[in-house]
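Before any comments, here is the structure.
In the text below, chain A, chain B and the rest are named by the order of the sequence lines, each starting its count at 1. Owing to the predicted nature of the structure, the values given are computational and were not obtained by experimental measurement.
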Protein chains: 2
Amino acid sequence: MARPRTFNESEVLERAVALFRSRGFERASMPELTAHLGICRQSLYNAFGDKRGLYLAALDRYGAREIDTKLSQLSTAPSPLQGVQTLVASWADYGAQCPSEGCLTITAIVDSTDDEEARQIVEGHVDRLEKGIRTALKKAQSAGELTPTAQPTRLARSLVTTCYGVGVLAKLPGSTQRVKAAVAEALDRLNSFQP
Amino acid sequence: MARPRTFNESEVLERAVALFRSRGFERASMPELTAHLGICRQSLYNAFGDKRGLYLAALDRYGAREIDTKLSQLSTAPSPLQGVQTLVASWADYGAQCPSEGCLTITAIVDSTDDEEARQIVEGHVDRLEKGIRTALKKAQSAGELTPTAQPTRLARSLVTTCYGVGVLAKLPGSTQRVKAAVAEALDRLNSFQP
DNA sequence: TCTGTTTCAGAACGCACGTTCTAGATCGAC
DNA sequence: GTCGATCTAGAACGTGCGTTCTGAAACAGA
């Protein structure tokens, strides 16, 4: 009876993510969105309610995928500490990224301060990243990769802060060296707790 | 012949800074601006050209004042190292700030990616902060407050990144502990280079 | 084939925006 | 007092926005 959806909602969402990343929520207009998403206005409204609904869905999709990617570096590493090292080192890649591919989470933090729902979505992603790092650091400590004097919780919190600092400054073309330095310092700090 | 300006342009600019901080560039509408600035539309256009002109002026004013404040902590301290320590420690205050008082520099970095002029303004401020810290660290090293193994340039770059990471996460209500941890870690890292 | 939903293209809606214009009041300089 | 620029208040401009509506085409299930 009912005709199933013909367009791929997941692909549409990914394209929305891309546009929101490069244009932001306000500047990404509905005409632009429909053009890049490959579906007409009406289908978009049927699927996501309105522009903000699409944005929240894109925000959640982006954050989940981003954090998944980061955390997978922890689980696939030979050891917990090496996992964190790999993860932190990978942040240096942000320095070489195209400015139009900035972190959507950071964008949302900055200009969705008055959108409680958006805030909760991004806060969830940040928390998840921090938790993943903290867990890995605790494992590393238990495994003897870190000295007992290391403070996994504090370290994890600090590393997350560095991560988002890198995410912001990477948007400034002249910050390549800053990003590299921040990553190098974070790694040195981490390694200073090795026995 | 000519009648001098009656309103205080400096005060107007400060009020513009406050509104742009809490609302962002796009959301701060002209009616809102004229209401909060205490001058009428026409005067605003005469003085600043247009909305973007006012924004750039506010951005520059904010950044200059912000960096001035930070750097003054370096110059008034008993020693170069204590100056940096005081400066870094003060970033923890961001954690307790009202969300509507976020860093305008960060806002500009995030949603003025395609405004070359705005980008240059904020890049100048970031550079100035980094340079101030680097100079202080070099002085500290020369004075024997830091070991010869410390790398002032790299440290300064890393600290600036931490500063802006703190600035972003401070906008998330649940980040008080993260901000504190980042500051504490940065201080520990700094102090680890003391002879 | 029929039926009912989805998709499409595009027109149309109301609204808020940044900006410009008009006209009168204000006030320092001459 | 006169001149000329500045400030005020408010109407009005055009534009682009998000959204809704219209009607026809596409297409899966009965």
Side-chain angles (χ1 to χ4, degrees), chain A residues 1-59 104 107-108 111-118, chain B residues 1-59 104 107-108 111-118:
Chain A
M1 192 196 266
R3 177 182 165 225
R5 185 150 283 151
T6 65
F7 65 83
N8 187 331
E9 187 168 316
S10 183
E11 285 179 11
V12 166
L13 216 43
E14 287 296 340
R15 279 194 275 262
V17 165
L19 195 62
F20 282 130
R21 282 178 79 176
S22 70
R23 303 275 293 150
F25 173 68
E26 320 245 21
R27 309 171 102 107
S29 69
M30 290 302 293
E32 255 180 318
L33 281 164
T34 52
H36 283 76
L37 266 50
I39 63 175
C40 71
R41 262 181 294 270
Q42 198 59 49
S43 302
L44 199 156
Y45 278 95
N46 288 341
F48 301 99
D50 57 6
K51 189 188 175 186
R52 180 169 166 272
L54 173 65
Y55 177 67
L56 292 180
L59 200 58
L104 192 56
T107 306
D111 54 39
S112 299
T113 26
D114 52 349
D115 187 329
E116 180 67 16
E117 207 166 338
Chain B
M1 193 193 267
R3 177 180 165 228
R5 185 150 283 150
T6 64
F7 65 83
N8 187 330
E9 187 167 318
S10 184
E11 284 180 12
V12 166
L13 217 43
E14 288 297 341
R15 279 194 276 262
V17 165
L19 196 62
F20 281 131
R21 282 178 80 176
S22 70
R23 301 275 295 149
F25 173 68
E26 320 245 23
R27 308 172 103 107
S29 69
M30 290 302 293
E32 256 180 317
L33 281 164
T34 52
H36 283 77
L37 266 50
I39 63 175
C40 72
R41 262 181 294 271
Q42 198 57 50
S43 303
L44 197 157
Y45 278 94
N46 289 340
F48 301 99
D50 57 6
K51 188 188 177 187
R52 180 171 165 271
L54 173 65
Y55 178 67
L56 293 180
L59 200 58
L104 193 56
T107 305
D111 55 38
S112 299
T113 27
D114 53 349
D115 188 329
E116 180 66 17
E117 207 166 338

Nearest heavy-atom neighbours spanning A:Thr34 and A:Cys40: CG2-C, 4.1 Å
All pairs passing side chain to side chain donor-acceptor pair (under 3.5 Å) where residues 45-54 of chain B contributes a residue, at least two apart: B:Arg52-B:Asp115, B:Arg52-B:Glu117
Heavy-atom pair of closest approach, residues A:Ala108 and A:Leu59: CB-CD1, 3.6 Å
B:Ile39 CD1 - C:dT26 P separation (whole Å): 19 Å
Partner set under salt bridge (charged side-chain N to carboxylate O under 4.0 Å, His left out) for A:Glu26, not counting sequence neighbours: B:Arg27
Residues in ring-ring contact (aromatic ring centres under 6.0 Å, His included) contact with A:Phe48, at least two apart in sequence or another chain: none
Degree of bending, the helix from C:dT1-D:dA30 to C:dC30-D:dG1 (end axes from five pairs; round to 10°): 10°
Value in whole Å for how far the P atom of C:dG18 lies from CZ of B:Phe48: 16 Å
Euclidean distance, atom CD of residue B:Glu9 to atom C1' of D:dC7 [Å, nearest integer]: 14 Å
Closest non-hydrogen atom pair, A:Val17 against A:Ala58: CG2-O, 3.4 Å
Under 3.5 Å, which protein N or O atoms sit close to an N or O of nucleotides 15-22 of chain D? Give each pair with its distance.
unit_1 : atom_1 : unit_2  : atom_2 : d
D:dG18 : OP1    : A:Lys51 : NZ     : 2.4
D:dG18 : OP2    : A:Met30 : N      : 2.6
D:dT19 : OP2    : A:Tyr45 : OH     : 2.8
D:dT19 : OP2    : A:Lys51 : N      : 3.0
D:dT19 : O5'    : A:Tyr45 : OH     : 3.1
D:dC21 : N4     : A:Gln42 : OE1    : 2.7

Atom of A:Leu54, atom of A:Ala16 and distance for their closest heavy-atom approach: CD1-CB, 3.9 Å
Inter- and intrachain pairs under salt bridge (charged side-chain N to carboxylate O under 4.0 Å, His left out), touching residues 32-48 of chain A, at least two apart: A:Arg23-A:Glu32
